[in-house]
Amino acid sequence: MLEILHIASEVFPFSKTGGLADVAYSLPKAQLALGAKTKVFTPLYKDIYNNFSLDKVIFNTNIQTQCGNFNFQVYKHLYNDLEFYFFRNDHFFFREGYYSEKGAEYGDNFLRFGCFCEAILQFLDFFELNPHIIHIHDWQASFIPTLIKTKYPFIKSKIFLTIHNITFQGIFDKYCLQMLNIPEYLYNIEFLEFYGAVNFLKGAIVFSDFITTVSPTYAKEITSPEFGYGLDGLLRKYQHKLKGILNGIDYEFYNPERDNFIYEKYNKENIYKKETNKNMLCNKLSLSNNKPLFIYISRFSEQKGIDLIVNMLETKDMSNFTIVILGSGSIDIEERLKAISSYKNNIYVYIGYNEPLAHKLYASADFLLMPSRFEPCGLSQLIAMRYGTIPIVSKRGGLIDTVKDIKEKGYGFFVDTLNAHSIYYNMERAYNLYCDKEHLYNIAYKCMSLDFSWRKHAAEYLRCYKLSIDYNGDSYEI
Ligand code: ADP
């Protein structure tokens with residue numbers, strides 16, 4: 001039986017800031033259903049400790065660094081038959097944020113996640129665990145292959161790296177390698193050195209057996225200077241082990257037929273019940289329910305194009321639309337949105353993270369706005385379509401792989417040029433569709449008929465794992 005160990009810095013339902021957490025739960029869950037033996041390793045954040053009942057594992061380790069020694073303990077929890085292991089060091093992980101606080105990255109992130117990675121390898125060594133595959137996600141887990149190369153060469157698992165967003169690379173001062181007791185020769189352009197600093201993700205790209213990213217188009221994009229954020233050359237060099245596999249979403253959790261967060265459950269055969277959700281939501285938020293409802297659910301970061309939406313709200317006549325925005329991030333954007341919503345009664349803004357509200361919005365809305373400047377895969381548009389909400393998206397990354405414009409017999413809208421005017425133009429297109437209720441329901445029905453579950457793509461991961469296990473020095477047939 002294939003044994004897989006996933007390592008991620010956030011995992012739903014325990015910790016979540018974005019799509020990584022969804023995938024770090026739903027992919028292992030889908031692999032378990034396909035017969036693989038799957039575990040997930042993640043840090044123990046304060047909220048997890050306070051909100052879940054955990055079993056302590058008899059294990060204790062001290063990670064030695066030039067910044068001091070750091071103790072780790074491990075806790076276990078079974079959730080939907082999936083085994084989760086939480087690595088506990090209160091100094092590192094009992095903080096307000098996971099990676100940053102009040103907009104500033106924690107200064108010791110290299111130490112927090114470097115030690116987290118080493119504690120995992122100590123754990124594997126102690127219990128003599130030898131999974132076939134160690135599947136690391138993003139830069140926070142990216143120190144694993146560097147540690148294996150230098151300090152844990154007896155670990156023979158194949159290493160899979162998934163890049164969820166290449167803009168987050170884990171770039172630190174060059175002295176961090178010394179602090180983590182890593183030999184000096186790795187501070188070299190062939191390995192972790194990156195423009196005079198150390199890049200954790202770069203190390204993982206070099207040392208992993210296989211690299212995936214979360215959509216086929218993004219896999220191509222990141223090998224170009226425009227989207228590679230300095231790693232495009234390296235990724236071109238390692239293209240033979242790079243593949244784009246589209247993310248899925250958990251069709252049990254995101255299921256309008258069973259979702260307890262929403263007002264009225266529905267499926268594609270009684271899609272008109274979305275209207276009940278919309279009425280209840282609009283009533284609750286004191287919004288008009290007889291205009292098309294547009295939602296935005298995402299981080300307030302430049303990546304997501306929220307600044308373009310804010311520009312549009314500030315400058316265009318929005319009186320034909322009802323708009324709800326859920327998210328947090330850039331302080332400037334938060335302030336501008338608060339100001340707009342204070343004088344426009346058709347715009348509601350919720351600053352913060354709110355899972356139940358997100359579900360209510362997906363179930364109630366007519367359209368989702370997602371004008372991302374780049375989008376590795378994007379889950380929000382997949383969730384929206386699962387709930388019969390029609391996506392209005394940019395032509396980038398995973399959005400290209402998952403959305404098709406109505407002009408081409410599709411089920412969404414592409415914003416061709418990334419500016420406020422073009423988003424507005426597509427909202428007007430959406431408005432025209434909204435005015436033809438039968439056509440609107442047909443398109444929403446089409447969205448709900450698509451399959452973005454993990455079924456196919458989790459199996460593709462298993463196929464790639466087997467390729468790397470059987471690898472005999474020839475190039476992969478990927
Ligand atoms: P990201 O780049 O942030 O990972 P994705 O589209 O891949 O974007 O995934 C975002 C996930 O986070 C989705 O499940 C979305 O519903 C959820 N999400 C984002 N912001 C919020 C919020 N403020 N409240 C609730 N859920 C949110």
Side-chain angles (χ1 to χ4, degrees), residues 8-27 97-100 137-140 162-168 213-215 217-218 221-222 227 229 244-256 259 261-262 281 295-306 309 324-330 333-334 337 348-365 368-387 389 391-394 396-403 412 452-454 457:
S9 58
E10 53 183 271
V11 184
F12 177 85
F14 307 101
S15 48
K16 176 168 164 178
T17 64
L20 167 64
D22 282 331
V23 173
Y25 164 67
S26 55
L27 172 60
Y98 300 157
Y99 321 116
S100 59
H137 297 267
D138 276 355
W139 74 263
Q140 295 90 340
T162 294
I163 301 171
H164 294 261
N165 185 335
I166 201 150
T167 60
F168 304 122
T213 187
V214 289
S215 70
T217 297
Y218 195 58
E221 286 176 347
I222 56 177
F227 296 105
Y229 287 82
I245 302 179
L246 196 68
N247 276 340
I249 52 171
D250 181 358
Y251 264 39
E252 279 179 33
F253 182 65
Y254 294 113
N255 181 358
D259 191 330
F261 289 133
I262 69 179
L281 180 92
I295 56 169
Y296 170 96
I297 305 177
S298 202
R299 294 178 283 121
F300 295 166
S301 82
E302 244 187 51
Q303 176 198 340
K304 301 289 180 181
I306 181 67
I309 294 179
V324 180
I325 293 185
L326 165 61
S328 62
S330 149
I333 296 290
E334 289 185 5
L337 282 171
Y348 181 92
V349 175
Y350 182 104
I351 308 280
Y353 186 88
N354 187 328
E355 188 81 37
L357 178 59
H359 287 238
K360 287 184 179 65
L361 294 177
Y362 286 123
S364 308
L368 172 87
L369 290 172
M370 201 167 171
S372 305
R373 286 192 169 82
F374 66 93
E375 194 53 78
C377 174
L379 298 183
S380 294
Q381 86 282 13
L382 304 184
I383 303 167
M385 291 190 277
R386 172 82 168 138
Y387 284 77
T389 295
I392 300 175
V393 302
S394 56
R396 298 284 157 91
L399 299 171
I400 296 176
D401 297 333
T402 55
V403 177
F452 290 113
S453 70
W454 268 110
H457 298 133

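Side chains included, hydrogens not; waters and symmetry mates left out as well; all remaining heavy atoms used. In each ligand, atom 1 is the first atom listed, and ligand 1 is the first ligand listed.
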Ligand 1 and Gly19, any nitrogen or oxygen pair closer than 3.5 angstrom? yes

Report yes or no: is the cationic atom of Arg386 (NZ for Lys, CZ for Arg) under 6.0 Å from the centre of the six-membered ring of Phe452, at an angle within 45° of the ring normal? no

Are any of the N/O atoms in Ser328 less than 3.5 Å from those in ligand 1? no

Can Glu334 and Ser328 be counted as having a side-chain donor-acceptor contact under 3.5 angstrom? no

Side-chain donor-acceptor pair present, Tyr251, Asn255, cut-off under 3.5 Å: no

Proximity to ligand 1 by part of Ser298, non-hydrogen separation under 4.0 Å: backbone

Below 4.0 Å from ligand 1: does a non-hydrogen atom of Phe300 turn up there or not? no

Select one of side chain, backbone, both or neither to describe which atoms of Phe168 lie under 4.0 Å from any atom of ligand 1, heavy atoms only. neither

Ring geometry between Phe261 and Phe253 (parallel below 30°, tilted from 30 to 60°, perpendicular above 60°): perpendicular

Thr389 side chain vs Met385 backbone, donor-acceptor pair below 3.5 Å: no

Report, in ascending order of atom number, the atoms of ligand 1 lying under 4.0 Å from any heavy atom of Tyr254. 14 (O)

Identify the protein heavy atom lying closest to atom 14 (O) of ligand 1, giving its residue, its atom name and the separation to 0.1 Å. Asp22 OD2, 2.8 Å

Pairwise side-chain contact, Glu355 with Phe12, heavy-atom cut-off 4.5 Å (strictly under): yes

Looking only at heavy atoms, is any part of Ser380 under 4.0 Å from ligand 1, and if so is it the side chain, the backbone, or both, or is it neither? both

Less than 3.5 Å between some nitrogen or oxygen of Lys16 and one of ligand 1, yes or no? yes

Among all the protein's non-hydrogen atoms, which is closest to atom 22 (C) of ligand 1, and how far away is it? Tyr353 CD1, 3.5 Å

Can a side-chain donor-acceptor contact be found between Tyr99 and Glu10 if the only test is distance below 3.5 angstrom? yes

Got a salt bridge between Glu375 and Lys304, using NZ or NE/NH1/NH2 to carboxylate O under 4.0 Å? yes

Looking only at protein heavy atoms, which one is nearest to atom 6 (O) of ligand 1, and what is the separation? Leu379 N, 2.9 Å

Ignoring hydrogens and geometry, is there a side-chain-to-backbone donor-acceptor pair from His457 to Leu246 under 3.5 Å? yes

Give the atoms of ligand 1, by number and element, whose distance to some non-hydrogen atom of Ile383 is under 4.0 Å. 13 (C), 14 (O), 16 (O)

Nearest-contact summary for atom 3 (O) of ligand 1 - protein heavy atom, Å: Arg299 NE, 2.8 Å

Filtering Asn165, Thr167, Ile297 for the heavy atom nearest atom 18 (N) of ligand 1 leaves Ile297

For the residue pair Gly248 and Leu379, what are the closest heavy atoms and their distance? O-CD2, 4.0 Å

Distance from atom 24 (N) of ligand 1 to nearest protein heavy atom, with residue and atom: Asn354 N, 3.0 Å

Look only at the side chain of Ser330 and the backbone of Ser301, and say whether a donor-acceptor pair between them is shorter than 3.5 Å. no

Quick check on contacts: which atoms of ligand 1 are under 4.0 angstrom from a heavy atom of Gly327? 23 (N)

Show me which atoms of ligand 1 lie under 4.0 Å from any heavy atom of Ala358. 25 (C), 26 (N)

Nitrogen or oxygen of Gly352 less than 3.5 angstrom from that of ligand 1: yes

Using heavy-atom distances, let me know which of Lys304, His359, Gln303 sits nearest atom 8 (O) of ligand 1. Lys304

Angle class for the Tyr387/His359 ring planes (parallel below 30°, perpendicular above 60°, tilted otherwise)? perpendicular

If you have a sec, work out which protein heavy atom is nearest atom 16 (O) of ligand 1 and how many Å separate them, to one decimal? Tyr362 OH, 2.7 Å

Thr17 N/O under 3.5 Å from ligand 1 N/O: no

So, Thr213 side chain and Ile163 main chain: donor-acceptor pair closer than 3.5 Å or not? yes

